Amino acid sequence: MTYFCLFYQRGKMANQTSLKTGVVKSVLSGDAVIIRGQPKGGPPPEKQLCLSNVTAPKLARRANPNIKDSQETKDEPYAWQAREFLRKKLIGKEVSFSIEYTAPGSGRAYGCIYLGKGPNAENVTESCVAEGLVEVRRGGIKPSDDQIHLIDMEEAAKAAGKGRWAKEQDPDAVRNVTWVIENPLHFVDSHRQNQIKAIIEHVRDGCTVRAFLLPSFHYVTVMLSGVKAPMIKRIDDKDVPEPFSAEAKYFTESRLLQREVSIILEGTSNQNFLGTVLHPNGNIAEFLLKEGFARCVDWSMRVVTQGTEKLRSAEKEAKNKRIRLWKDYTPSKANIVPIEEKNLTGKVVEVINADALVVKSNDGKYKKITLSSLRPPRMADVKEEDQPKDRRVRPLYDIPYMFEAREFLRKKLIGKKVTVSIDYIKEANDGYPEKICATVMIGSINIAEALVSKGFATVLRHRQDDDQRSAHYDLLLIAEQRAIKNGKGVHSQKDKPIHRVADLSGVSLQMNDIHHKVYRK
């Protein structure tokens with residue numbers, strides 16, 4: 001009987017003219033999937049298909065905040081196992097399927113799915129029944145041959161105690177899902193930037209996904225660190241898609257949806273997490289950038305732990321190709337530094353202030369160098385009531401941490417050999433002279449990074465399309481974040497340092513008086 005039914009099913013599949021093909025995009029439950037077509041000039045059409053003649057246990061659902069009195073529900077036993085059986089078997093695979101009927105009320109399509117081609121194709125419904133993960137529907141005046149065959153397979157699964165028919169329920173038959181994490185920042189810190197196994201459950205847009213972390217089943221929303229993809233914005237109660245938003249979403253969806261990945265949680269943004277999503281081929285953010293579906297963003301780049309230089313390089317590659325988001329890209333207008341003049345070595349002979357110094361190069365020339373993408377302490381940061389009112393302002397002593405920053409540079413650099421890499425030249429404007437902006441290294445130490453990490457300077461916020469910035473800009477942002485977290489320098493909540501310095505320049509009587517006192521001692 002079993003042999004006859006299998007032959008009947010396969011014969012029916014081979015002869016059925018209405019058989020369609022598609023790729024399984026996602027598995028909704030143990031008896032329902034979404035099948036998509038092949039992309040042609042954009043995201044492809046898709047269709048939900050439920051397996052006919054069977055019913056799978058219902059998965060847990062979170063409470064809907066938009067529905068009054070909505071309550072979360074638990075898994076029915078073996079619901080997750082049934083979903084996972086189908087996901088592992090079908091996700092991303094090309095299948096053949098037939099639609100047997102469409103329910104009049106809901107409009108849901110019911111049918112069969114076949115994995116593989118030809119007479120040896122696997123009937124997915126039969127496989128689910130044989131594993132004891134779904135229940136065969138009974139009903140109708142006269143059961144069809146298909147139903148009779150499935151019932152026989154179900155009885156065999158019951159006799160073998162498979163799946164939901166096991167004599168003792170598996171301890172993992174019902175998940176304990178945590179839908180809301182009360183303290184996201186603490187949760188990030190507790191994982192210490194380790195890779196966490198996860199399954200992507202939903203792709204909101206090209207750079208935002210929702211996932212179950214394994215094996216804890218925490219449900220998290222993760223925004224990709226360091227990048228931003230186009231999305232759909234809500235304007236005047238209308239959804240307005242940004243250019244390439246659908247394509248970027250499909251790019252991520254076709255690679256990540258319901259795939260097993262590793263996630264590194266790196267930070268938080270409100271109740272959402274910032275993180276890196278790694279699939280077997282690498283970092284999805286890097287691929288988005290390389291294909292021109294996303295751009296780097298500085299505000300979240302500071303938390304990236306998987307190599308910011310790779311993200312910047314991928315974005316630069318897309319810019320050079322002028323693809324998608326960068327089709328109209330025009331490089332920033334700047335003074336081009338000749339290759340032979342871009343790097344120099346020399347000795348520091350003067351520290352002018354917290355972000356500028358003079359270097360005597362090996363050929364004997366003197367160059368004034370300004371540290372790239374750095375902003376020294378400013379009087380604007382000092383409260384008005386704390387600013388001197390009865391005398392002229394002396395920036396070196398009156399601006400908090402300006403003296404400390406200058407001294408840090410003086411003690412570390414004066415008379416020392418350094419390597420200078422010119423990043424850009426800032427043109428003269430508003431009465432300010434031209435500036436040579438560079439990265440200064442003493443050994444393996446980036447002086448700007450060291451200055452920022454001490455809290456003696458902050459990082460300039462460039463326009464997103466401004467290429468004139470430090471070659472190590474992301475490292476500066478990370479150093480600044482570290483200084484803020486540790487309350488260093490200008491980020492400290494303690495009282496600001498005060499330097500009481502008597503300026504005697506031009507006051508001859510006081511100078512003579514002090515000279516005699518010092519001389520007598």
Side-chain angles (χ1 to χ4, degrees), residues 23 25-26 34 36-46 91-92 198 200-211 221-235 239-259 261-264 266-267 269 272-331 463-467 473-474:
V23 176
K25 170 189 170 182
S26 64
I34 292 179
R36 63 170 176 81
Q38 294 296 340
K40 294 179 181 179
E46 55 190 50
I91 200 70
I200 303 298
E201 293 294 313
H202 176 69
V203 176
R204 192 184 75 185
D205 53 56
C207 64
T208 308
V209 299
R210 294 192 176 101
T221 299
V222 180
M223 302 165 64
L224 299 181
S225 301
V227 303
K228 181 182 181 298
M231 58 184 64
I232 296 176
K233 290 188 174 181
R234 191 76 175 169
I235 301 176
D239 290 335
V240 180
E242 295 180 328
F244 300 104
S245 58
E247 291 87 346
K249 180 181 178 181
Y250 175 71
F251 183 89
T252 301
E253 202 171 59
S254 61
R255 288 159 177 78
L256 292 189
L257 184 59
Q258 293 200 331
R259 272 35 171 227
V261 299
S262 294
I263 295 178
I264 302 173
E266 296 165 322
S269 176
N272 298 329
F273 292 91
L274 298 172
T276 295
V277 178
L278 304 171
H279 63 86
N281 291 331
N283 185 348
I284 188 64
E286 190 177 335
F287 293 117
L288 281 164
L289 290 167
K290 193 173 291 187
E291 294 297 325
F293 284 126
R295 62 182 77 228
C296 292
V297 288
D298 299 333
W299 73 270
S300 65
M301 188 67 78
R302 67 181 187 273
V303 303
V304 172
T305 59
Q306 290 294 299
T308 57
E309 65 282 351
K310 289 184 179 180
L311 300 184
R312 295 287 186 188
S313 176
E315 183 188 58
K316 186 176 182 180
E317 183 178 330
K319 285 179 175 179
N320 292 337
K321 291 180 180 177
R322 288 176 171 78
I323 55 175
R324 300 185 178 97
L325 292 178
W326 307 109
K327 59 187 177 68
D328 299 321
Y329 169 70
T330 303
R463 293 193 321 273
Q464 201 61 53
D465 60 348
D466 186 3
D467 296 329
Y473 187 71
D474 297 322

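Predicted model only: the values in this text are computed from it and were never measured.
- In this structure, L278 and Q306 have side chains that are in contact, with non-hydrogen atoms separated by less than 4.5 Å.
- In this structure, the separation between NZ on K316 and CG on L311 is 14.5 Å, given to the nearest 0.5 Å.
- Contact annotation: the side chain of F251 approaches that of I284 to within less than 4.5 Å [non-hydrogen atoms, C-beta and beyond].
- Residues P44 and Y250 share a closest heavy-atom pair of CD-CE1, 3.4 Å.
- Looking at heavy atoms from C-beta onward, D298 lies in side-chain contact with Y473 at the 4.5 angstrom threshold.
- Judged purely by atom type and a 3.5 angstrom limit, S245 uses its side chain to pair as donor or acceptor with the backbone of E242.
- Considering all non-hydrogen atoms of both residues, L325 and P243 come closest at CD2-O, 4.1 Å.
- Closest heavy-atom contact between W326 and A294: NE1-O, 4.0 Å.
- Between E286 and K310, none of the side-chain N atoms (NZ, or NE/NH1/NH2) sits under 4.0 Å from a carboxylate O, so this pair counts as no salt bridge.
- A donor-acceptor contact under 3.5 angstrom links the side chains of E266 and T305, judged on distance only.
- Between the NZ atom of K290 and the OG atom of S313 there is a distance of 7.5 Å, given to the nearest 0.5 Å.
- No donor-acceptor distance shorter than 3.5 angstrom exists from the side chain of E317 to the backbone of E291, with no hydrogens or angles considered.
- The line from CD of E247 to CZ of R324 is 8.0 Å long, rounded to the nearest 0.5 Å.
- Atom CG of D467 is separated from atom OH of Y329 by 3.5 Å, given to the nearest 0.5 angstrom.
- Among L288, T252, T276, T208, the one residue that satisfies the side chain to side chain contact (heavy atoms under 4.5 Å, CB included) test with L224 is L288.
- Residues A229 and A248 come closest through the heavy atom pair CB-CB, 4.3 Å.
- The two residues S225 and V303 come nearest to each other via the heavy atoms OG-CG2, 3.7 Å.
- Residue I263 comes nearest to A198 through the heavy atom pair CD1-CB, 3.7 Å, listed as atom of the first residue, atom of the second, then distance.
- Under the side-chain hydrogen bond (donor to acceptor under 3.5 Å, both in side chains) test applied with T221, the options R204, H202, R210 reduce to a single match, R210.
- Residues F293 and C207 are not in side-chain contact: their nearest non-hydrogen atoms beyond the backbone lie 4.5 Å or more apart.
- Taking the charged nitrogens against the carboxylate oxygens, R234 and D239 do have a contact shorter than 4.0 Å, which makes a salt bridge.
- Side-chain contact of N272 with S269: a donor-acceptor pair under 3.5 Å is absent, judged by distance alone.
- A distance of 10.0 Å separates NZ in K319 from CG in L289, rounded to the nearest 0.5 Å.
- In this structure, the separation between CZ on R312 and CG on D474 is 4.0 Å, given to the nearest 0.5 Å.
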